[in-house]
2 protein chains.
Amino acid sequence: MSQNKEQGVINEKNCVMIYSMEIIGGKWRVPILWKLYQNKTMRYNDLKRNLVGITNIMLTRSLKSLEENGLVSRKEFNQIPPRVEYSLTDNGLQLVPALEAIFNWGKERMTKEDMTLKTARC
Amino acid sequence: MSQNKEQGVINEKNCVMIYSMEIIGGKWRVPILWKLYQNKTMRYNDLKRNLVGITNIMLTRSLKSLEENGLVSRKEFNQIPPRVEYSLTDNGLQLVPALEAIFNWGKERMTKEDMTLKTARC
DNA sequence: CCGCATCCTTCTTGATACTG
DNA sequence: CAGTATCAAGAAGGATGCGG
């Protein structure tokens, strides 16, 4: 550690970007967050229907991971049939500017690649 | 296809978020972009020194992928010893707002987790 | 100095079937 | 409705050593 010679050096322990990407990286987590932001509150099968291609396993795992990291809250209603609602926590909402920036960048790029694409929502 | 009933539905072909994360996801690509943004132009070994923990393979692969996706430009000088400089392209620069938003979110979160952390740069 | 080739390990994602 | 269990496959990440 000696002094401040190594200021600015990145490693896996102090790198904000590695840290952040570990939380929101992967294939489905950002799309899930984005859908929750758009719809405020969604049930498990709402998400599943909206995220075409996602499997139960991936949806369950992604939601659990997001919940454990405090980005998503899970509210369970004790009824039959079961009802579980997901929504963004405050910390999740704080990520929205980043999500929007990623979306805007990606959408513009994607549209340039494929001019027929007009309805991307996620 | 029928009609527009499925507007807003996400799949892997039209989902901007999946598309974007495929380009910038993974462990090292965002940290590399962030360092290039901070330093404008960096040589291969500059990056390697700054991204502690990265191996040649991962740095090479990540740079190549970013270059192929048009986010990073690679300028090779024909000299001995070799000199190669990397920097962000216009499209890479367009991602900076997203990078900043991710950084700000992650930094605040990380600082709350670990109050001793004051010097995170990446 | 700037990488690539090879080989190996681990993590992520997924298909399918089943349950309270 | 909201998930789990199990098994399988692929992708990502990494160690080591070599080469122009």
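The model shown is predicted, which means the values in this text are computed figures rather than measured ones. In what follows, every chain begins at residue 1, and chains take the letters A, B, ... in the order their sequences are listed.
- Atom C1' of nucleotide D:dC1 and atom CG of A:L63 are separated by 14 Å, given to the nearest angstrom.
- Residues satisfying the side chain to side chain contact (heavy atoms under 4.5 Å, CB included) test with B:R83, not counting sequence neighbours, are B:R43, B:F77, B:Q79, B:E85.
- Two residues are said to be in side-chain contact when any heavy atoms from C-beta on lie closer than 4.5 Å; A:K48 and A:T55 fail this criterion.
- For the pair A:L93/A:V96, a side-chain contact is recorded, criterion being any heavy-atom separation below 4.5 Å from C-beta on.
- Using a 4.5 Å cut-off on side-chain heavy atoms (C-beta onward), A:W105 and B:I24 make contact.
- Atom CG of B:L47 and atom P of C:dC1 are 14 Å apart (whole Å).
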Step-by-step side-chain hydrogen bond (donor to acceptor under 3.5 Å, both in side chains) determination, A:S87 to A:S73: CA-CA 5 Å; A:S87 55; A:S73 80; 3.3 Å; yes

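- A heavy atom lying under 4.0 Å from DNA chain D marks the following residues of residues 64-89 of chain A, by number: A:R74, A:P81, A:P82, A:R83, A:V84, A:Y86.
- For the side chain to side chain contact (heavy atoms under 4.5 Å, CB included) with A:R29, the lone residue among A:V72, A:L71, A:L63, A:L66 that qualifies is A:L66.
- As a whole-Å value, the separation of A:M42 CE from D:dC1 C1' is 15 Å.
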Under 3.5 Å, which protein N or O atoms sit close to an N or O of nucleotides 6-13 of chain D? Give each pair with its distance.
| residue | atom | partner | partner atom | Å |
| --- | --- | --- | --- | --- |
| D:dG13 | OP1 | B:K27 | N | 2.7 |
| D:dG13 | N7 | B:R61 | NH1 | 3.0 |

Run the numbers on A:Y86 and A:I32 for side-chain contact (heavy atoms from CB on, under 4.5 Å), then give the verdict. CA-CA 10 Å; A:Y86 294 92; A:I32 288 171; over 6 Å; no

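- By the 6.0 Å and 45° rule, A:K35 does not stack over the aromatic ring of A:Y37.
- Using a 4.0 Å heavy-atom criterion, one finds that A:N56 contacts the bases of the nucleic acid, with or without backbone contacts as well.
- Between the C1' atom of C:dC1 and the CZ atom of B:R49 lies a distance of 10 Å, rounded to the nearest Å.
- The nearest whole Å value for the distance from the NZ atom in B:K48 to the P atom in C:dC2 is 11 Å.
- Judged by distance alone, the side chain of A:W28 and the main-chain N or O of B:I18 form no donor-acceptor pair under 3.5 Å.
- Comparing C:dG3, D:dC1, D:dG3 against the side chain of A:R43 picks out D:dC1 as the nearest.
- Residue contacts for B:T55: at a heavy-atom cut-off of 4.0 Å it reaches the sugar-phosphate backbone alone, with no base atom in range.
- At whole-Å resolution of the value, CG in A:L51 and C1' in C:dG14 are 16 Å apart.
- Between the P atom of C:dC1 and the CG atom of B:L59 lies a distance of 14 Å, rounded to the nearest Å.
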